Amino acid sequence: VNRITAPGVDLSKTKVGNRSVSAALKKIAKENAKKISINIPKLKGFIREFKNTTKCDYCFVVIDLLTQMEEFMDMSGGSVPASMEIGMNKLNALAKEENVHILGIVQFNRQSDNGKPETIEAIEKLRPTVQSVKNSSGIAERARVLLAIFRKKYYTDRYMQDNPEAQKLEDIMDVTILKDSSGATGVRLNYLYNAKLFRIAPIDDNDLLGLTKEPEGQTTQIKDYNA
């Protein structure tokens, strides 16, 4: 489990005995970090311990890497996709039972990253789809929402270090909604990625247009969200 948090709650100012909640949670995280593997019952206990500590009924759970949970590696289902679907079903049941949202991080198939793009335009062919998700038939089928993160700058830095135009490319990270059980798909959200601070800042369509197609002699000014 990478992170469990209670949105809107200042955990540093909330007390548990003579300690802040944030200090108490660090102790919980340290103890759980020693557990190499995690399964649904352990996750359920972790969530309940968090709720009891923070006095919150809701929390947001992030799991990195989702497929390393024991239920996702259990081959009793007969195949990898079947095991993935069983694991997703159990997570969905847990989320409903405990009143939480769960975000699971999964990998792309290795073949999704194959090939060496020679132009900036060719990078678009590497943009992820539902089929790019490793074991997508099991995970994507049961996920309520599926998001894909994509950065052109990752590929230009990796394959086009001698291309001046590629090196001028702004580091824009876009998040595409590949699946949404209760909403539209194909929606793309854009963020300016700050690699040094490991932060992202949302940018609107006008900012994006200026970053990707600047008229000669003009420079688009983007609000400094990291200040």
Side-chain angles (χ1 to χ4, degrees), residues 2-3 60 62-68 80-81 84 101-227:
N2 182 272
R3 179 174 298 172
F60 186 82
V62 180
I63 303 174
D64 182 8
L65 185 69
L66 182 64
T67 51
Q68 291 301 301
V80 173
M84 296 294 166
H101 281 101
I102 299 175
L103 171 65
I105 299 173
V106 297
Q107 295 176 318
F108 286 144
N109 291 313
R110 291 300 180 189
Q111 57 263 36
S112 299
D113 203 24
N114 285 345
K116 180 179 178 181
E118 297 182 356
T119 65
I120 297 176
E121 291 73 19
I123 297 176
E124 280 294 323
K125 296 180 181 180
L126 300 176
R127 186 176 292 279
T129 64
V130 173
Q131 289 70 34
S132 303
V133 179
K134 193 172 184 179
N135 301 308
S136 59
S137 60
I139 294 175
E141 177 68 23
R142 300 303 301 159
R144 297 290 185 266
V145 177
L146 190 62
L147 306 175
I149 297 175
F150 183 71
R151 288 173 52 229
K152 283 187 178 181
K153 189 68 172 175
Y154 167 81
Y155 295 99
T156 58
D157 286 348
R158 188 175 182 182
Y159 298 117
M160 305 178 189
Q161 296 179 5
D162 297 328
N163 184 327
E165 291 301 316
Q167 291 305 305
K168 291 179 182 179
L169 197 68
E170 288 285 353
D171 201 344
I172 298 173
M173 182 185 84
D174 61 59
V175 179
T176 305
I177 302 176
L178 299 180
K179 176 186 176 181
D180 187 346
S181 298
S182 58
T185 60
V187 177
R188 190 176 297 172
L189 308 174
N190 299 293
Y191 300 85
L192 196 60
Y193 180 71
N194 187 321
K196 292 182 179 179
L197 298 177
F198 202 63
R199 290 182 179 178
I200 60 174
I203 53 179
D204 61 27
D205 291 341
N206 291 329
D207 288 338
L208 182 62
L209 181 63
L211 284 169
T212 54
K213 295 182 179 181
E214 287 183 359
E216 186 176 353
Q218 295 185 24
T219 302
T220 302
Q221 296 296 321
I222 301 298
K223 181 179 178 181
D224 186 1
Y225 292 92
N226 296 315

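Given the structure is predicted, the values throughout are model-derived calculations rather than measurements.
Residues L147 and I177 meet the side-chain proximity criterion, which asks for heavy atoms closer than 4.5 Å. No side-chain heavy atom of V145 sits under 4.5 Å from any side-chain heavy atom of L103. Side chains of L146 and V130 form a contact here, defined as non-hydrogen atoms less than 4.5 Å apart. Residues D171 and R151 meet the side-chain proximity criterion, which asks for heavy atoms closer than 4.5 Å. Proximity of K153 to Y193: side-chain heavy atoms (C-beta onward) are nowhere separated by under 4.5 Å. No side-chain heavy atom of T156 sits less than 4.5 Å from a side-chain heavy atom of N163.
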- side-chain contact (heavy atoms from CB on, under 4.5 Å) evaluation trace for I200 with L192: CA-CA 5 Å; I200 60 174; L192 196 60; over 6 Å; no

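Taking each heavy atom of M160 and T119 in turn, the nearest pair found is CE-O, 3.1 Å. Annotation for I149 and F108: closest pair O-CE1, 4.2 Å, computed over non-hydrogen atoms. Across all their heavy atoms, P128 and L178 have their closest contact at O-CD2, 4.0 Å. When all heavy atoms of L126 and Y155 are compared, the pair lying nearest together is CD1-CE2, 3.5 Å. Closest heavy-atom contact between R142 and K179: N-NZ, 4.2 Å. The shortest heavy-atom contact between K152 and E124 is CE-OE2, 2.8 Å.
In this structure, F150 CZ and R188 CZ are separated by 8.5 Å, a value rounded to the nearest 0.5 Å.
Remark: D174 engages R127 in a salt bridge, criterion side-chain N to carboxylate O under 4.0 Å.
Looking only at distances, a side-chain donor or acceptor of Q161 sits under 3.5 Å from a matching main-chain atom of D157.
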